[in-house]
S.K.: 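One structure, pasted below without further comment.
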Number of protein chains: 2
Amino acid sequence: MIRKVTISILILLTFALARLDAQSARVNQNRIEANLLKLATYGQDENGVTNRVAFSDADIEARNYIISLMKQVGLEVSIDFAGNIIGRQAGTLQKLKPIGFGSHIDMVPNGGNYDGCVGSIAAIEVIQTLQENNLKTRHPLEVIIFSNEEGGVMGSRAIAGELGENALKVRNNTGFSMGEGIMRIGGDTTRLDEVKRDRESLAAFLELHIEQGAVLDEADLDIGIVDGIVGLNWWDVVITGFANHAGTTPMNRRQDALLAGAQFIQVVNEVANQYEGNHVGTVGRIKALPGAPNVIPGKVVLSLEIRDLSTDKIQMLYEEMKKRAIKIEENTGTSFEFIALDTTGKPALMDNLIKEEIANAARALKLSIKNMPSGAGHDAQDMALIAPAGMIFVPSAGGISHSPKEYTSAKDMANGANVLLHSILALDNKL
Amino acid sequence: MIRKVTISILILLTFALARLDAQSARVNQNRIEANLLKLATYGQDENGVTNRVAFSDADIEARNYIISLMKQVGLEVSIDFAGNIIGRQAGTLQKLKPIGFGSHIDMVPNGGNYDGCVGSIAAIEVIQTLQENNLKTRHPLEVIIFSNEEGGVMGSRAIAGELGENALKVRNNTGFSMGEGIMRIGGDTTRLDEVKRDRESLAAFLELHIEQGAVLDEADLDIGIVDGIVGLNWWDVVITGFANHAGTTPMNRRQDALLAGAQFIQVVNEVANQYEGNHVGTVGRIKALPGAPNVIPGKVVLSLEIRDLSTDKIQMLYEEMKKRAIKIEENTGTSFEFIALDTTGKPALMDNLIKEEIANAARALKLSIKNMPSGAGHDAQDMALIAPAGMIFVPSAGGISHSPKEYTSAKDMANGANVLLHSILALDNKL
């Protein structure tokens, strides 16, 4: 009897100590910072600015670096047919569905070193911290580094089964289409169907990310808990005028596609400013053809992006912009065509239990928190279609993002990684 | 005595017959058309559209074709250090200064097959017609095919000694700078000084060209006699805002360089329309950086071109546009920089005697004529700095130019070539 009691006490003690180990486990801030700075060297130019658009040589080199980090911490690494890098670790109860977490390492042109990278490096750090603390999870764990996030959350859309044929034709500024890019990074466009995962195939998905806005930084808060991610629609607006000689064509005989494009850019701004709300409308890319100073542009192709938490609101704003383009057509002798690009991100709500565990983890770490929406699209948005999802934000200095001036302190990165670690441990117990 | 008279009569008869031969000489319309269509194949894509920007591989191939045509008609061919192709033929009085004529074969991006090419092919045709009719000129003749006309009348500026160091840095859409381009086409940037010709080193310079406007075509006239060529100034306008994330940066916190650029394009149009006159203002090239749909552009570079017969008017319009940019800077939180490009073309008046002989030649050929200014810049503009210059225009269908739809009939090309031929013969006698 005494022996049985002793054994029971020992078992309980072991559990309690393990629990204590779990509670006291902390990520290694210096290692996070070192790995992040190392990642930033892939695609870095002589001015210290990193360019690493998806499918570029720099992207491929950085992916190899991530794979080597994953292998160092003992993850079993594979690349799915959409080019997502997946690192797996068994759980003690292998029949449980995996808990997934991760982010992306591709960048917008002339972007920053924190967007996506913080969540990617932190995800690997979580695995290493678990090991260093001899912490085993019941659930299998999956670190997912998504392919081509910035060019339309490609990898996560493929997993959610939302990557359509048309999306494969979209080219980024490497000159490669998504289809070509997938082949370049070790995927296979003929087998994308196999990438798709069933609904509820993951127990949960978590993504740590920089805020990319100024809310946390300005209020001096540590952690943002994302309530939902705004929806995002992209169009190509093709304006056709008539290319002609700039010297011999009088002002009143021109059909200047760039003048029409300029008027439309103002319409986008006016309409976005005119309505109440947190929506945004942006023209970020423009091409005027033929593109010579002495030729009146005959064709302009520009991008239109509208974001809001409501799909209806996005549609309303779009219709209003389109309506005003008719007047521009009349005034400039041009014609407008709106081509919806298959890079649609639907608004996505985050899971309540996960939000709660993120809050608990942050509070236990004595970190200040704030619930907030995400104005930026994220892989978690598509992952929310197949699994309960949650997002952890850490501050962006000055709210600057998609810029080489993007910055998050090592302390903030470590805070976010610790919250990610402890949210995973809590969910591992509860799910 | 009788013998002397007989000899005199025979000599006079020979001259009169020669004169009659000269008057009845006509170019070969079919050959002009065939050579022009052959020239159009250099750089032609699968849709039948020719792209042949200066320094491109297609440009180099077309230059080789021109050199082979020149050699076929017995011209002594050389390439000067600015890459101009020069075909020389001796005169009967070698001490006389040469009469020069020619045009260019490079094209604007997505341009047409007649701009420059008509005058180039016709110049070679004139040589062949002289030979076929056993017509010798007193003056040496020089057929000049100028390099990189569309990218800032490079070759003719070098001959006029007006090609500055800065111009060599200007890049066209092949990615090559003028300096690199000159080396590519057989020139030598270290010896450009030697290309420069003295004032009055040519007896005359003539250029046949398509009108590139609708005046001749709409009035159903055969030949335009150019009174003068408008001046032209180019600037790069660099607009600096702040690149930021399009999803997380509210409308009222943006410093959108493309929105500022759009407002400036409208200012260019408004200012050009507001003042009386034949001036034109054009934005033909625009680049927004970083150039992704989901990033607010932090930088825009656009081209500004203003043309007028008066340099003062150009300056006044420019100052007005620049003044209005200050308001845009304030409204958008951006800053404007205006960089004058070294591609300035000064207004140039054509020589009265040459204009008269062009008119005489056209009338003798029973062609209708009209005196007119040229809204387009031409090599003749810079050649006018070193020699008496004249320009012959032939109709452009619908006034369309710098477009693949550019067209001039074979009949009109032959008319122009015949006027060129007989103007040269008349000037050869008078100068």
S.K.: Heavy-atom distances under 4.5 Å only: say whether A:Pro293 touches chain B with side chain, backbone, both or neither.
M.R.: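 When you check distances to chain B, atoms from both the backbone and side chain of A:Pro293 fall under 4.5 Å.
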S.K.: Below 4.5 Å from any heavy atom of chain B, which atoms of A:Phe264 appear? Answer side chain, backbone, both or neither.
M.R.: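 Neither part; nothing is under 4.5 Å.
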S.K.: Out of A:Gly111, A:Gly298, A:Gly213, which one racks up the most heavy-atom pairs below 4.5 Å with chain B?
M.R.: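 Among A:Gly111, A:Gly298, A:Gly213, the one with the most close pairs to chain B is A:Gly213.
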S.K.: Other residues, nucleotides and ligands only: do more than 12 of their heavy atoms fall within 6.0 Å of CG on A:Asn331?
M.R.: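 Yes, CG of A:Asn331 has more than 12 neighbouring heavy atoms, counting only those of other groups under 6.0 Å.
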S.K.: At a heavy-atom separation under 4.5 Å, does B:Ala257 approach chain A through its side chain, its backbone, both, or neither?
M.R.: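 Answer is neither: B:Ala257 stays 4.5 Å or more from chain A.
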S.K.: Which heavy-atom pair separates B:Thr248 from A:Gly375 by the least distance, and what is that distance?
M.R.: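 Where B:Thr248 meets A:Gly375 most closely, the heavy atoms are CG2-C, 4.2 Å.
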S.K.: At a heavy-atom distance under 4.5 Å, which candidate from B:Arg307, B:Lys287, B:Arg253 has the highest pair count against chain A?
M.R.: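 That would be B:Arg307.
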S.K.: Looking at chain B, which one of A:Val268, A:Val108, A:Leu289 has the largest number of heavy-atom pairs inside 4.5 Å, strictly under?
M.R.: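 Among A:Val268, A:Val108, A:Leu289, the one with the most close pairs to chain B is A:Val108.
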S.K.: Compare every heavy atom of B:Asn273 with every heavy atom of A:Met251, then report the nearest pair and how far apart it is.
M.R.: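 Taking A:Met251 first and B:Asn273 second, the nearest heavy atoms are CB-OD1, 3.3 Å.
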S.K.: Most heavy-atom pairs under 4.5 angstrom with chain B, which of A:Gly261, A:Gly281, A:Pro250, A:Ser396?
M.R.: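 The candidate making the most pairs under 4.5 Å is A:Gly281.
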S.K.: With a 4.5 Å cut-off on heavy-atom pairs, point out which of A:Leu259, A:Asn294, A:Asn252 contacts chain B the most.
M.R.: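 That would be A:Asn294.
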S.K.: Are there more than 12 heavy atoms of other residues, nucleotides or ligands under 6.0 Å from atom NZ of A:Lys299?
M.R.: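 Not more than 12 within 6.0 Å, no.
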S.K.: Just how far is it from atom CD1 of A:Ile265 to atom CD1 of B:Ile265, taken to the nearest 0.5 Å?
M.R.: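 Rounded to the nearest 0.5 Å, the CD1-CD1 separation comes out at 6.5 Å.
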S.K.: For a quick test of reading the model, state the closest non-hydrogen atom pair linking A:His402 to B:Val295 and the distance between them.
M.R.: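 Between these two residues, the closest heavy atoms are ND1-CG2, 3.5 Å.
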S.K.: Determine the minimum heavy-atom distance between A:Ala246 and B:Glu305, stating which atoms define it.
M.R.: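 Reported closest heavy-atom pair: CB-OE1, 3.5 Å.
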S.K.: Give the minimum heavy-atom separation between B:Pro290 and A:Asn110, together with the two atoms involved.
M.R.: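 Answer, listing the atom of B:Pro290 first, then A:Asn110: CB-CB, 3.8 Å.
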S.K.: Under 4.5 Å heavy-atom distance to chain A, tell me which part of B:Glu211 shows up: side chain, backbone, both or neither.
M.R.: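 Only the backbone of B:Glu211 comes within 4.5 Å of chain A.
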S.K.: A:Gln263 versus chain B, heavy atoms under 4.5 Å apart: side chain, backbone, both or neither?
M.R.: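 When you check distances to chain B, atoms from both the backbone and side chain of A:Gln263 fall under 4.5 Å.
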S.K.: Non-hydrogen atoms of chain A under 4.5 Å away: do they reach the side chain of B:Ser303, the backbone, both or neither?
M.R.: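 For B:Ser303, the contact with chain A is made by the side chain alone.
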S.K.: For B:Ser403 and A:Ala243, which heavy atoms make the closest approach, and how far apart are they?
M.R.: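 Smallest heavy-atom distance, with atoms named: CB-O, 3.6 Å.
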S.K.: With a 4.5 angstrom heavy-atom cut-off, could you sort out which part of B:Val283 is near chain A: side chain, backbone, both or neither?
M.R.: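 Backbone plus side chain of B:Val283, per the 4.5 Å heavy-atom cut-off to chain A.
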S.K.: Between A:Asn244 and B:Ser401 (side chain of the first, backbone of the second, donor and acceptor by atom type, cut-off under 3.5 Å), is there such a pair?
M.R.: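 Yes, because the side chain of A:Asn244 sits within donor-acceptor range (under 3.5 Å) of the backbone of B:Ser401.
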S.K.: Top residue by heavy-atom pair count (under 4.5 Å) with chain B, among A:Glu406, A:His245, A:Arg285?
M.R.: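 Highest number of pairs under 4.5 Å: A:His245.
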S.K.: Look at B:Leu258, B:Thr249, B:Asn51 and state which one has the largest set of heavy-atom pairs under 4.5 Å with chain A.
M.R.: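 The answer is B:Leu258.
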S.K.: Checking heavy atoms, do the side chain of B:Thr282, its backbone, both or neither come under 4.5 Å from chain A?
M.R.: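 Both the backbone and the side chain of B:Thr282 come within 4.5 Å of chain A.
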